[in-house]
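Worksheet: one structure, shown below.
All residue numbers in this chain count up from 1 along the given sequence.
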Amino acid sequence: MTGGGEWDLGHHVVHLHDGHAHGLNDIEAGIGDESRTWKFYGWQHGDKFFRSFPPLAAKVTPMVSLAIDDAKYLQAMVGGFGFLLPIAGFILGLMSTLKFGGFVVPPDTTMYLVIMGLSIFSAFAGMMALVPIIVGAIVTGNLTTISSALTLFLLGCIWISGPQLARRFRPLNDHRTMDNEPFEKWWIVVGDYVIQLVMTMFILGKLTIVLPIVCGLNVPAAQHEPAVWVLTFVTVLLRQMLETVARHHYPRRLFLVTSDFHAVERKKVVNAAFVGGVQMLIVFGALSLVLGNSWQTWTIGGIYGLMLIVAGLRREFPEKKWIYRLTPIGIARIVLFMLLGEYSASYFIGRGVIDSVELTGAVFLVIAIFLLILTYFGKFPGDPWPKNVIWKILGVITVAVLIGLGTGTLSLI
């Protein structure tokens with residue numbers, strides 16, 4: 001709940017007249033709210049879990065809260081049946097860790113893809129799939145190397161945060177408020193769907209092919225990036241349709257299973273220090289696997305640490321509209337760094353840098369410097385560019401370039 005009387009239902013905002021206590025009466029019931037699709041045994045306990053547990057978990061880390069909250073549309077629509085997905089995820093994760101004797105190894109291709117599909121529908125399911133793999137590695141004493149720790153981290157990115165990133169960057173809008181502007185409505189509708197699809201396909205596909213580098217093993221799933229794209233396309237599209245149905249036809253149910261865990265107060269300094277410390281360990285661990293104990297590792301790691309400090313600055317920056325408008329975000333930033341990486345690789349190769357480790361270090365260093373610069377520029381507030389047809393065209397071009405770079409049909413090398 002915000003101070004202005006708004007309640008965030010995950011992907012759209014309902015304006016309330018008199019706070020949360022009277023908010024339910026201000027939401028018109030949909031046909032789903034009055035149906036029996038969610039009235040199965042245990043639905044009351046499920047509703048209570050989604051309202052009460054995320055705020056408790058948020059006191060420690062928002063990762064768990066975000067993963068659970070990601071599945072609330074299922075609780076709204078089908079009640080307790082929504083828990084079948086995290087249960088299935090847990091079983092598959094347990095089967096994988098038993099198969100490999102507790103060694104930190106990604107599941108075989110079929111199981112890996114099934115877990116990924118479940119995690120797209122519910123990041124809660126992806127989190128539950130990772131739990132037995134982590135526990136199995138700890139119990140068997142196999143979580144002893146940087147490689148195994150980073151493998152678990154990467155699987156968490158693929159099964160928990162990866163499926164959520166695009167939705168949180170570009171959530172589905174409530175298109176019912178745009179009936180007076182049909183062109184603008186359908187432009188936004190298509191944009192919501194396409195951007196979520198393309199970003200999620202790109203993120204999960206590229207993270208999958210990185211697995212062998214992190215694991216130091218042959219990972220069969222990494223050889224099937226097209227299968228990852230197809231699975232992601234189908235499951236994200238189905239999820240988008242289900243979310244739209246939930247928003248349109250189960251608005252009261254969504255309200256009832258939504259908790260305001262974003263407002264939970266945490267010990268900000270302690271939490272920031274802990275999160276920053278974990279991030280730095282991950283960064284240095286990943287760099288050491290790729291670059292070894294080299295000057296590039298320490299320089300790039302130091303730049304990343306400086307970026308975290310800049311990102312965490314609390315002081316107010318002066319308004320600079322031109323800086324704000326010229327600082328790329330979202331897909332534009334992804335495309336910029338992909339182009340920068342390819343151009344840097346081409347530049348260094350053209351100047352005789354052919355050793356793979358040295359080339360990788362040089363490219364990472366360039367990207368780290370630019371990431372620090374954009375993080376600093378991103379602290380300046382300002383007004384966005386006015387909406388017009390030019391920016392719509394540029395948006396389409398940006399998405400097209402991302403697709404080209406992601407599929408390899410566009411390359412600067």
Practice item. Could you give me the CA-CA distance, side-chain angles and deciding distance for D70 and L66, then say whether side chain to side chain contact (heavy atoms under 4.5 Å, CB included) is met? Key: CA-CA 6 Å; D70 188 61; L66 289 169; over 6 Å; no

Would you indicate whether the side-chain heavy atoms of [Y] and [X] approach each other to under 4.5 Å?
X    : Y    : answer
T327 : L374 : yes
R167 : V236 : no
Y193 : T244 : yes
I68  : V64  : yes
T200 : L165 : no
I138 : I134 : yes
I331 : R170 : no
Q296 : L365 : no

Rounded to the nearest 0.5 Å, what separation is found between the [atom1] atom of [X] and the [atom2] atom of [Y]?
X    : Y    : atom1 : atom2 : answer
C157 : L152 : SG    : CG    : 11.0 Å
L339 : I334 : CG    : CD1   : 12.0 Å
Q75  : Y250 : CD    : OH    : 12.0 Å
L359 : I349 : CG    : CD1   : 5.0 Å
W38  : L256 : CH2   : CG    : 8.0 Å
K206 : L405 : NZ    : CG    : 9.0 Å

Would a distance-only check, ignoring hydrogens and angles, find a side-chain to backbone donor-acceptor pair under 3.5 Å from [X] to [Y]?
X    : Y    : value
K379 : A311 : yes
R51  : S259 : no
D33  : G30  : yes
T375 : L371 : yes
Q279 : G305 : no
R325 : P384 : yes
S35  : G32  : yes

Exercise for review: Specify whether F377 and F380 have parallel, tilted or perpendicular ring planes, treating 30° as the upper limit for parallel and 60° as the lower limit for perpendicular.
Suggested key: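 Answer is tilted, since the angle falls between 30° and 60°.
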
Counting only heavy atoms not in [X] (residues, nucleotides, ligands), do more than 12 fall under 6.0 Å from its [atom1]?
X    : atom1 : result
F169 : CZ    : yes
K48  : NZ    : no
F153 : CZ    : no
K392 : NZ    : yes
F337 : CZ    : yes
L394 : CG    : yes

Enumerate, atom names and distances included, each donor-acceptor pair closer than 3.5 Å involving a side-chain atom of residues 112-126, sequence neighbours excluded.
{"from": "Y112", "atom 1": "OH", "to": "T208", "atom 2": "OG1", "distance (Å)": "2.7"}
{"from": "S119", "atom 1": "OG", "to": "I115", "atom 2": "O", "distance (Å)": "3.4"}
{"from": "S119", "atom 1": "OG", "to": "M116", "atom 2": "O", "distance (Å)": "2.7"}
{"from": "S122", "atom 1": "OG", "to": "F124", "atom 2": "N", "distance (Å)": "3.3"}
{"from": "S122", "atom 1": "OG", "to": "A125", "atom 2": "N", "distance (Å)": "3.3"}

Ignoring hydrogens, what is the shortest heavy-atom contact between [X] and [Y]? Give both atom names and the distance.
X    : Y    : value
I160 : A67  : CG2-CB, 4.1 Å
S344 : V366 : OG-CG1, 3.4 Å
F317 : P381 : O-CD, 3.4 Å
S356 : T360 : O-OG1, 2.7 Å
I300 : A368 : CG2-CB, 4.0 Å
T140 : A137 : OG1-O, 3.5 Å

**Study point:** Pair D192-Q240, side-chain hydrogen bond (donor to acceptor under 3.5 Å, both in side chains): steps then yes or no
**Key:** CA-CA 9 Å; D192 289 350; Q240 290 171 325; over 6 Å; no

Just list the side-chain donor-acceptor pairs under 3.5 Å for residues 76-105, sequence neighbours left out, or say none.
{"from": "K99", "atom 1": "NZ", "to": "D108", "atom 2": "OD2", "distance (Å)": "3.0"}

Point to revise | Carboxylate-amine/guanidinium contact E243 R239, below 4.0 Å | key: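 Between R239 and E243 there is a salt bridge, with a charged N closer than 4.0 Å to a carboxylate O.
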
Practice item. Please lay out, stage by stage, how V290 and V357 fare under the test side chain to side chain contact (heavy atoms under 4.5 Å, CB included). Key: CA-CA 7 Å; V290 178; V357 174; over 6 Å; no

Practice item. Take T151 and L217 through the side chain to side chain contact (heavy atoms under 4.5 Å, CB included) test and state the conclusion after the steps. Key: CA-CA 11 Å; T151 300; L217 301 169; over 6 Å; no

Practice item. Step by step, work out the side chain to side chain contact (heavy atoms under 4.5 Å, CB included) result for L237 and F233. Key: CA-CA 6 Å; L237 186 59; F233 179 87; 4.3 Å; yes

